[in-house]
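Keep in mind that the numbers below use all heavy atoms, side chains included, and drop hydrogens, waters and symmetry copies.
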Amino acid sequence: MEEPQEISSTDDSCVDDIVIEKYLVESKEPASHVQLACGVQHCAFPLDGNQLCIWNTEDPSHQRLILRGHQQPITAVVFGNTANPLLICSASQDCVIMWKLDECREKVLEGLTPRGTVMRTLLGKVLCLRFCPDDRVVAACAGNKILVLDVESLSTSAELEGHRGPVTAAEFCAWRARVLVSVSEDRSFKVWDHRLGSLIYSSSVLTGSHAVSDSRSRLGECARLSAWAAMCEPWSSSQVMSDTSRGFSCASPLLSLFIDEDSRQLVTGSADGQLWIFSLGESHHYRCVTHVDLKKKTESFSTRRVESQLCSLPEESQLPSTDGLERGGEIEVELPVLSLAPCALSLVPSSERGFVSSENASCLWIGSSAGLFILNLANFELEAVLRYKDFRNLSIQVAGSCAVMGKTGNHMAFCLLTSLFGSQVAVLEIRLACLVRSLPRPNVGKDLSVLPRSGVLPTSPLYFALVEEKSTKPASQKQSAVRSVVKDQPLVFHSRVRSSGYTSAPHVTMFLPKTNIKNNGKRSSKCKNNYKCKEYPSESPLPTRLSKQLAVASDPTAVCCLQFSDDGRRLACGLANHLSLVFDADLSGKPAVFSGHDGAVSTVCWSHDGRWLLSTSQDGTLRVWSARRTELALCLGEGMFPRPVQSAQFYYIDAFILSSSGPEFQLLKYHVDTCKDDLRRYKQKSRCKAMFSLRMTDAVEMTSFSAVNDFYSYIVLTAGRNRTLEVFDLNVGRSAALIAGAHSRPVHQICQNKGSSFTSQQSQVYNLFATTAVGDGMRLWDLRTLRCERRFEGHPSRGYPCRIAFSPCGRYVACGAEDRHLATATLDGKLQLFLAE
């Protein structure tokens, strides 16, 4: 046999190289579609068809270990999970052999031929092998069946049948020893109890959520995918393409499977670059968490990379362009998910990691024919992309099989590749620290913070408004000041002339106004002292017990919005019947009614001191009410705004009102005067003045905005109809950052973690905010990095814009859903109050 040729790294001393080709071998027969094995210290792959080659990744100077025993080409290889003894299992059409690696190496050193243990013969084509966590059994996927082989007795403990296509991958559940999960070319996954040999759960057929609108493009995509599949046996073109009752559509087999123990999630990938993530929680019933299109995620990653103006890498490993996969080559039509493995990106020091991934986030290696990808399982975004063709020192540009060892020391990973069109096998060393340093590091967001880091600038619109308030006094205050200086005196012409009687009391009382209101609507100090702020327990359990349910109207009326007052004692809700109601927090007693709108109430907002209630309606008006007197104090209509008001809130600890209309939001300076004047009772004394306004980029319609009123903050968050998020800094009076494509649909609510007077939080937590869109779940963002840090999906919200809210402690986020599981206000007009157990 001709000895294989080894090719080492082109420049092993270059520490800045991201990918180094450590080992290259030319085999006599191709191994383009074989399950490869990449362990902690070794890599294993078929050589010349029926030989098993093992290479030591820690000490490349060790002689390659060649194991012979198969008569047919090897189709699957896997390492055991225990280090002593280290087992390796290989399969071909003639037999399944288990090897003890240490014994085999000792035999070679003694000059003897190592022999393995034959576990089963004549199984047919085995596509996947997998050891259980304790290496007591091994699962062999042969045809439509899964055979569970006992390592000690060399017997078959179970045969699992149920798939309608060849089983392509299987995984054991680490925290449930009896559970085995399998995927098949029938595009479904099944959960088994391998000890009893019974089926626990069977999924429906998984189909991609992406659709091609034009029939020609569908035919073209399927034709190219069929041509790719014809080259990629064993996935024949007949299995890749199907004719359904809905029309001509693409259907690709599931190829890979991974179970993440930290997040208790199952990830499976298909031949057309689609990934599905399912929850394996005890009460989650294997619900689908999300669906990921790898090609779209790659394009989004490349767009972010261009926008951040990434600096070039060293010349040898330069990444020259981002138009490789997006422009669509003849071969790279899809990105088949060949393998999945854990990625230890969190082990990279935070100083080098920058904004990439949080320390607690689980990441996943995705091996494909065109490159390697790192997917963050917290936000389902790509953290890094490595295309083989971007590195000139790599011998394999298109991979047929791939295996990645993710958890290694020294911030490194190893990737074992076989060529799709040739017979080459390569081992790549990936330096995660260098990879992270090469990722885009945008400058936007680094100086943004909800908590102000400096005082108000002299050029800020907030400064001008506050100065104007101090320098100018209302006319009523000026008149009262004059009257206090010039006192009423009797009009006399001589000391002996009788007074005209101006200072005497009238003889007849014509009108006596109410004079028993002494505090001008303010709460007395006695009232204030009756309520004491109690510290909110940070470890308080979730409110899950339904305490009370109340119908807000006699007829079914939708509850459009809710908000508790800052002291937690009152609850305001806006209804579709044009009314606003204020209840006690426990929903007891008769609610206060605020009437006057001519359309459904879309927003209710309490002032920080609890004296005023703000509401906006679909009639395009903004109204400020006296919460104590339940009467109108200020009304702003069409004459004040260029377009009808969509939403509004108090801002800067009640110093301003923020309102949105069309593509802009306005900073309003207001004055509320509730003094009674019977001679001018129909004239509104309260007034409002627009101080400043800002438009969204591209002048798109604003769908939502949010700002903090409980403390001084300069940040205003907005969302546009074009699915963008934009951050405005009112201290400088301009846009500070723009996030494109925040959701797949326009954001209908931005919810900030505004904290509470009942509990204290770390200052960094206030920079978190959540967004939600119809049909796209909820996403958690960090203002400092302008990145989505978490994605929450699973609750149905496909047709109605359900709302979200942070808990006072900042640990939980509640969301409404169309299944009414976590709803506090519903479209049928029911208010539900939940309490902790």
Side-chain angles (χ1 to χ4, degrees), residues 33-36 75-76 78 91 124-132 138-148 158-174 176 179-194 198-209 229 232 234-236 239-240 242 250-261 264-280 286-294 334-342 364-368 375 377 401-404:
H33 296 290
V34 175
Q35 180 193 6
L36 307 176
T75 58
V78 67
K125 191 167 186 177
V126 178
L127 296 181
C128 178
L129 293 171
R130 192 67 63 192
F131 277 98
C132 70
V138 59
C141 305
N144 297 2
K145 298 186 298 182
I146 307 169
L147 288 86
V148 182
E159 289 190 13
L160 309 176
E161 298 185 60
H163 282 290
R164 296 184 178 181
V167 181
T168 55
E171 286 282 349
F172 288 90
C173 185
R176 297 169 65 186
V179 173
L180 173 69
V181 184
S182 61
V183 296
S184 168
E185 289 184 6
D186 60 9
R187 305 189 311 280
S188 69
F189 74 90
K190 297 183 184 297
V191 184
W192 312 85
D193 186 331
H194 66 86
S198 60
L199 179 66
I200 299 176
Y201 174 81
S202 179
S203 75
S204 59
V205 175
L206 305 183
T207 57
S209 61
C232 301
W235 314 306
S236 63
Q239 293 168 336
V240 173
S242 64
C250 296
S252 299
L254 300 179
L255 304 181
S256 55
L257 177 65
F258 174 74
I259 297 179
D260 184 58
E261 185 177 359
R264 302 292 176 94
Q265 291 177 341
L266 178 150
V267 185
T268 181
S270 65
D272 60 346
Q274 309 298 313
L275 291 103
W276 290 267
I277 302 175
F278 295 87
S279 176
L280 298 182
Y286 306 98
R287 66 176 178 86
C288 182
V289 177
T290 188
H291 165 257
V292 177
D293 189 324
L294 187 56
E334 301 290 348
L335 299 174
V337 182
L338 303 178
S339 64
L340 299 169
L364 184 68
W365 281 108
I366 302 175
S368 182
L375 179 70
L377 292 179
S401 296
C402 174
V404 183

Taking the side chain as everything from C-beta on, heavy atoms only, tell me whether [X] gets closer than 4.5 Å to [Y].
X: Leu340; Y: Ile366; value: yes
X: Ser182; Y: His163; value: yes
X: Pro166; Y: Leu127; value: yes
X: Leu257; Y: Val181; value: yes
X: Phe189; Y: Trp276; value: no

Contact summary for [X] and [Y], nearest pair of heavy atoms:
X: Val167; Y: Val183; value: CG1-O, 3.3 Å
X: Leu129; Y: Ala140; value: CD2-CB, 3.7 Å
X: Pro342; Y: Phe258; value: CD-CE1, 3.4 Å
X: Ala169; Y: Cys128; value: CA-SG, 3.7 Å
X: Leu180; Y: Glu171; value: CD1-O, 3.3 Å
X: Glu161; Y: Trp192; value: O-CH2, 3.2 Å

Rounded at 0.5 Å granularity, tell me how far [atom1] in [X] sits from [atom2] in [Y].
X: Ile277; Y: His291; atom1: CD1; atom2: NE2; result: 10.0 Å
X: Ser203; Y: Leu254; atom1: OG; atom2: CG; result: 8.0 Å
X: Ser202; Y: Tyr286; atom1: OG; atom2: OH; result: 11.5 Å
X: Gln274; Y: Leu206; atom1: CD; atom2: CG; result: 11.0 Å
X: Glu261; Y: Leu280; atom1: CD; atom2: CG; result: 11.5 Å
X: Arg187; Y: Ser204; atom1: CZ; atom2: OG; result: 10.5 Å

- Task: Only counting residues at least two apart or in another chain, list the ones meeting ring pair (Phe, Tyr, Trp, His ring centres under 6.0 Å) with Phe131.
- Result: none
- Message: Among residues at least two apart in sequence or on other chains, which ones pass ring pair (Phe, Tyr, Trp, His ring centres under 6.0 Å) with His194?
- Response: Phe172
- side chain to side chain contact (heavy atoms under 4.5 Å, CB included) partner of Gln35, chosen from Thr168, Val78, Leu338: Val78
- Message: Which residue in the set Leu275, Leu375, Val337 passes side chain to side chain contact (heavy atoms under 4.5 Å, CB included) when paired with Val267?
- Response: Leu275
Are any side-chain N or O atoms of [X] and backbone N or O atoms of [Y], one a donor and one an acceptor, separated by less than 3.5 Å?
X: Thr268; Y: Ser256; value: yes
X: Asp186; Y: Arg164; value: yes
X: Ser184; Y: Gly165; value: yes
X: Ser339; Y: Cys402; value: yes
X: Ser401; Y: Val34; value: yes
X: Ser279; Y: Arg287; value: no

- Query: salt bridge (Lys or Arg N to Asp or Glu O under 4.0 Å) with Lys145: which residues, sequence neighbours excluded?
  - Reply: Glu159
